[in-house]
2 protein chains.
Amino acid sequence: MNDLTSMVRPESVAVVGATPKPGKIGHTIFNNVINSGYQGKIFPINPKEKEIAGLQAYPAVSEVPEQVDMAVIAVPAARVLDVAEDCGRAGVKSLAVITAGFKEVGSEGLELEKRLVQTCKNYGMRMLGPNVVGLIDTHTPINASFSATFPKKGEIAFLSQSGAMLVAILDWSIAVGLGFSKVVSLGNKADLSEIDFIEEAANDPNTKVILCYIEDIVDGPRFLDVASRAARKKPVIVIKSGTSQAGAQAASSHTGALAGSDLAYDVAFRQCGIIRAKSMTELFDLAVAFAKAPVPKGNRVAIVTNSGGPGIIATDNVEAMGLTMARFEKETIDELRENLPAESNIYNPVDVLGDAKADRYRFALQKVCADPNVDSVVVLMCPVGVTQPIETTEAILEMREAFPDKPIFGAYMGGETLAGGANMLAKAGVPCFTFPEPAIASISGLVHYNEVLRTPEEDSAADLPNIDRKGVKAIFYDVLKDNRLVLLGSETAEIAKCYGIPAAPVALATSPDEAVEEAEKMGFPVVLKVASPKIMHKTDVGGVKIGLQTAEEVRQAYIEIMDNVHGYMPQAVIYGIEVQKMMPKGTELIIGMTRDVQFGPLIAFGLGGIYVNLLKDVSFRLARGLTAREIENMLRETKAYTLLRGYRGEKPRDMAALVDVIRRVAALVNDFPEIAEMDINPVFAYEDGLSALDIKITIS
Amino acid sequence: MNDLTSMVRPESVAVVGATPKPGKIGHTIFNNVINSGYQGKIFPINPKEKEIAGLQAYPAVSEVPEQVDMAVIAVPAARVLDVAEDCGRAGVKSLAVITAGFKEVGSEGLELEKRLVQTCKNYGMRMLGPNVVGLIDTHTPINASFSATFPKKGEIAFLSQSGAMLVAILDWSIAVGLGFSKVVSLGNKADLSEIDFIEEAANDPNTKVILCYIEDIVDGPRFLDVASRAARKKPVIVIKSGTSQAGAQAASSHTGALAGSDLAYDVAFRQCGIIRAKSMTELFDLAVAFAKAPVPKGNRVAIVTNSGGPGIIATDNVEAMGLTMARFEKETIDELRENLPAESNIYNPVDVLGDAKADRYRFALQKVCADPNVDSVVVLMCPVGVTQPIETTEAILEMREAFPDKPIFGAYMGGETLAGGANMLAKAGVPCFTFPEPAIASISGLVHYNEVLRTPEEDSAADLPNIDRKGVKAIFYDVLKDNRLVLLGSETAEIAKCYGIPAAPVALATSPDEAVEEAEKMGFPVVLKVASPKIMHKTDVGGVKIGLQTAEEVRQAYIEIMDNVHGYMPQAVIYGIEVQKMMPKGTELIIGMTRDVQFGPLIAFGLGGIYVNLLKDVSFRLARGLTAREIENMLRETKAYTLLRGYRGEKPRDMAALVDVIRRVAALVNDFPEIAEMDINPVFAYEDGLSALDIKITIS
């Protein structure tokens with residue numbers, strides 16, 4: 001863990017570029033530090049001033065007679081390096097470099113930025129920026145930024161790669177009453193990045209939720225490590241804009257073509273338990289939900305409403321969001337029936353009717369919250385004549401006290417009439433919306449996070465015996481010596497064997513006699529295929545013969561294939577003919593791997609065969625840390641899973657063997673980063689075991 | 001068309017149940033009529049009063065010495081029938097029955113409601129309700145409801161099946177400044193329904209957008225007729241809650257099982273050009289967009305921003321919503337390059353940078369709006385120090401004037417700092433949001449509607465020669481006489497022939513000799529299948545033999561099938577053996593039909609074969625009014641389409657023949673409502689023509 005204490009809770013701060021002249025950025029920052037109520041020591045640094053705002057000014061940080069924890073630097077780019085050097089000599093622990101004009105302006109700026117990073121390294125300083133708005137911690141408190149807005153104190157940490165976005169959100173947060181524990185502008189991320197601040201916020205007792213706006217992730221593996229750990233401590237919600245350059249376009253494999261450009265981020269976030277928001281609205285709705293509401297024990301939602309229509313809309317939404325409408329205990333239903341008017345709906349959604357005053361809401365809410373089958377509650381209110389918004393809100397707040405484990409959300413559908421109640425609810429920390437949909441969406445986010453918390457930690461590497469890394473290395477050595485990047489079928493079959501992946505036997509024959517010998521060794525029937533890395537579509541050039549039953553057929557096929565290939569592609573280098581044992585037909589699957597720039601190997605699983613790219617029935621996971629449990633989830637996401645479980649009366653396929661094989665493929669591609677792409681298509685799944693038929697591996 | 005003038009623009013209104021006593025619903029309604037500024041004559045009806053609020057009261061409507069256009073009835077349910085009778089005698093044109101206590105309270109209420117409808121019919125009166133809040137027209141103006149809120153005058157008609165929802169929305173509308181042309185509470189829809197008011201609003205010059213909240217549709221075919229016409233005049237946006245009872249659960253066919261319970265509504269809305277909102281927020285966002293902005297000519301969006309991050313988010317959203325980022329003309333790019341700072345992004349999204357004041361925004365906006373490749377524009381603003389929200393808003397409003405055909409939307413990301421500008425923008429009629437996503441979603445709605453408007457009207461029945469209805473009737477007659485609901489293969493093949501659907505020849509043979517004779521007539525190879533409506537899975541009982549090449553094989557197969565079936569299912573009635581010509585293998589498709597309670601036959605098309613329910617690659621359309629163009633859209637929605645166009649080097653399949661066959665299937669199921677379900681699975685598609693292999697028809 002990085003210790004960013006000197007940055008978020010510094011005992012002393014120097015503002016380099018502080019000035020008494022309004023309009024200058026150094027002026028704004030210096031005033032912000034003072035006005036934020038910062039309790040530590042503040043040192044304005046300006047060679048031209050003796051004193052600024054009553055505080056003694058120093059010509060340089062190194063002239064400050066005391067320890068400086070953090071230096072906030074707001075001087076022109078050309079001077080930043082000298083200032084950093086001076087800070088380093090003075091023993092400053094961390095820098096926040098506000099100044100722009102680095103990487104973002106081109107190669108000269110990049111060069112400057114690299115030297116700045118090197119200076120920090122030389123002196124063991126950590127750096128935020130350059131090119132940032134700064135950072136704010138409302139609990140320290142400190143506003144070491146040029147943001148005009150000092151936000152309300154709260155429990156949400158917000159990390160933003162966009163400075164303007166951060167400023168916008170701060171301005172907006174005041175209008176909507178949203179509070180933050182800290183707000184960090186990430187800027188060019190030359191040293192510290194979202195990874196460091198996620199880690200810091202995860203350990204910060206004042207932060208309950210971590211929000212990030214990011215455009216890219218530089219160190220994928222470290223992000224995954226840190227974010228996975230953080231997500232088990234508190235919710236991490238990310239909005240990621242732009243699209244990853246990984247995969248897709250350039251990929252030649254099936255798996256590569258199936259992995260869309262943004263897919264790796266999606267998979268990575270899901271796999272490490274990060275919640276990905278699809279919009280800014282969702283990001284902040286979720287933030288409020290997590291900051292204010294407990295995480296429910298399950299996905300069963302109860303709705304209490306004074307109007308049928310909104311109740312139906314909410315019910316539709318519960319189902320659409322993958323949640324479940326709670327089914328009440330018999331006692332709950334009986335009590336509701338006895339005590340509510342006859343026309344009420346006493347099942348879920350509970351309709352207390354348009355003439356419900358607060359007492360009727362209170363009664364229904366009490367019974368519903370007490371029901372053990374209810375995990376969370378949404379209270380809908382329409383402003384009918386008799387509605388008592390304030391008193392009903394009081395009832396809701398009583399329930400929140402009485403049932404602290406069950407999140408309660410409000411959807412007050414109205415304007416002026418309900419505003420008093422809605423504000424009261426929101427102020428008391430119960431998320432309140434106008435329409436039911438965002439309330440249900442927020443519950444869905446909470447429920448999803450509950451699943452993250454409940455997933456036991458598991459060791460992905462456990463119990464994977466019989467792995468022969470040396471064998472694989474030997475094969476790669478031969479391939480490289482042969483100056484190839486595409487492996488032959490006999491080589492990939494051998495690699496599969498080294499990693500315990502059951503593959504149909506393949507042997508390379510260089511004469512008809514050898515082909516017959518191999519065929520007899522493995523047993524008939526066999527398939528013959530031309531072995532040439534240059535020939536992509538072997539069938540098209542007459543390079544494949546299937547269903548060969550006898551030695552004579554094999555001999556004949558060998559000669560015919562050679563004739564065909566020489567005829568079609570006289571220039572192709574031919575390594576010989578691959579003899580493969582013909583396996584009985586099973587359920588056709590694909591297992592593949594494509595490599596993402598940020599996150600490394602992505603494993604694909606789905607329906608195989610020639611229509612794999614048409615049907616696109618494929619799910620993905622990062623190979624890194626891939627556990628058996630996660631593989632099972634991966635299988636379940638596909639239609640292939642329905643087939644494997646036994647479709648239309650067929651016997652189920654060997655699921656355990658499939659999980660084992662996917663784990664072995666993941667181990668292989670994790671162990672050998674030189675594997676650029678891999679497709680096993682098809683894999684035949686049987687009632688007992690599997691067989692990998694056609695294994696393609698490309699190395700880089 | 002219904003003339004609802006007497007209801008939305010009555011020249012005189014009687015309020016039955018008007019009373020001077022506050023707290024009574026009749027008091028509220030009477031006051032609302034008066035206070036809404038209604039210019040027509042108002043007659044309070046109350047036998048106990050001589051005068052109410054200075055207006056002469058009458059003991060009954062029939063006692064009013066003048067013509068009464070509309071009577072608003074707010075007396076206890078038990079008295080409503082008498083009042084309606086009295087109104088009828090008095091020549092009242094329409095009734096708004098506010099009173100509850102009818103269908104919604106059970107069978108007695110339903111009885112009363114039926115008699116009320118009958119009374120209206122007897123006198124040629126139209127009725128709104130019963131069980132409604134009432135109706136409001138802000139242009140007449142009249143508030144014939146008990147809603148405390150009289151909304152702002154506007155261009156949105158809102159029809160709601162939920163009274164409480166309507167009251168809630170009115171309350172909310174004041175808070176957010178939303179205006180309505182009219183607001184109608186539909187209640188029990190005993191006579192008038194959303195259909196009538198959609199029709200009225202479509203012809204109302206004061207209405208630009210029609211919004212509906214509905215829970216069910218009673219008269220599907222009339223809804224489709226009216227809504228299709230209305231949607232070509234102005235946007236109709238519907239939020240439909242609850243789920244249809246059609247399809248799914250009870251269905252025995254593939255097609256039935258694939259059609260989800262809510263699917264028919266989805267398909268119906270799309271097919272008649274209705275925009276279906278997925279949430280309340282979307283409903284009203286779209287309403288504002290349509291009321292305020294022009295419909296763009298195309299889907300090319302330009303973004304102008306003063307900050308990179310939000311620009312990227314907006315770009316992501318443009319792509320996610322199926323819109324396109326506009327590519328500017330060279331001149332536009334050149335002018336932007338020459339006149340914006342060097343660090344600006346001059347491509348789309350145009351980043352005018354954080355230090356942009358209004359003049360720079362104005363310049364960029366002017367160029368972007370003038371570019372012929374831009375159909376709509378989103379202006380993003382973050383409150384950076386120098387931002388000029390008011391002046392920039394003025395620039396946007398100038399562009400709105402200068403380019404009236406291009407919708408401009410604002411996303412002002414901030415709070416207090418930007419509020420003045422945001423309010424000014426919204427007041428001037430430019431939709432303004434906090435975050436970019438809803439702006440892009442609204443543009444997507446506008447673009448979608450542009451497609452509705454641009455789809456030429458087409459006659460679904462044109463050019464469908466060679467249809468033999470009598471032939472089909474004759475077959476159904478025989479089936480009914482035989483007391484069956486499931487047709488034999490020989491019968492369905494015959495029906496296909498009658499409607500010009502190319503099917504593999506099938507003949508029913510009742511002896512081995514006859515089977516051989518039929519096989520020789522149609523030519524080898526042939527397939528033999530047991531003909532028995534009771535045997536669903538023919539293969540499982542040894543009831544199918546394929547690839548029969550000779551007379552001897554056919555003879556042998558006949559005997560074997562009979563033996564097998566008698567062995568497995570001795571009690572099954574066997575009609576004989578079907579001899580079917582074995583067709584060459586083509587691309588396997590399914591064409592099917594399931595019947596929806598509201599909207600009639602739904603046609604399905606997709607990938608066929610035994611995995612049809614697993615792959616679920618199926619698109620649906622209503623058979624009613626199904627045009628060739630719409631069938632082409634239907635094909636395009638499936639993965640099967642990719643196959644048909646020629647996948648992996650295969651030749652394309654006969655798309656024209658496919659469209660023709662689907663039109664013929666639609667004609668067949670439209671012509672014969674007794675066809676309950678129909679599956680053709682598989683249909684083989686060839687380079688030239690098609691062949692329907694296995695046609696199943698169930699009648700009811």
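No hydrogens, no waters, no symmetry mates; every other heavy atom, side chains included, goes into these values. Residue numbering restarts at 1 for every chain, and letters A, B, ... go by the order of the sequence lines.
Contacts between A:Leu170 and chain B at a heavy-atom distance below 4.5 Å are absent for every atom of the residue. With a threshold of 4.5 angstrom between heavy atoms, A:Tyr641 does not approach chain B through any atom at all. Interface remark: A:Thr315 contributes no atoms to any contact with chain B (heavy atom separation under 4.5 Å).
The salt bridge (Lys or Arg N to Asp or Glu O under 4.0 Å) check on A:Arg645 picks up nothing, with sequence neighbours excluded. Listed by chain and number, the residues in a salt bridge (Lys or Arg N to Asp or Glu O under 4.0 Å) with B:Glu437 amount to none (sequence neighbours excluded).
Side-chain N or O atoms of A:Asn306 include one that pairs as donor or acceptor with a backbone N or O of A:Cys382 at under 3.5 Å.
Interface summary for chain A: among B:Ala168, B:Ala164, B:Ser162, B:Ala175, the most heavy-atom pairs under 4.5 angstrom belong to B:Ala168. Note on B:Val167, B:Ile174, B:Val384, B:Leu615: by heavy-atom pairs under 4.5 Å with chain A, the leading option is B:Leu615. Heavy-atom pairs under 4.5 Å with chain A were tallied for B:Thr281, B:Thr149, B:Thr642, B:Ile169; the largest tally goes to B:Thr281. Note: B:Gly309 leads B:Gly308, B:Ala320, B:Ala419, B:Gly309 in heavy-atom pairs under 4.5 Å with chain A. Between chain A and the residues B:Tyr213, B:Tyr647, B:Phe435, the most heavy-atom pairs under 4.5 angstrom are made by B:Phe435.
Summarising the geometry of B:Cys212 relative to B:Leu283, their closest heavy-atom pair is O-CD1, 4.5 Å, with the distance given to 0.1 Å.
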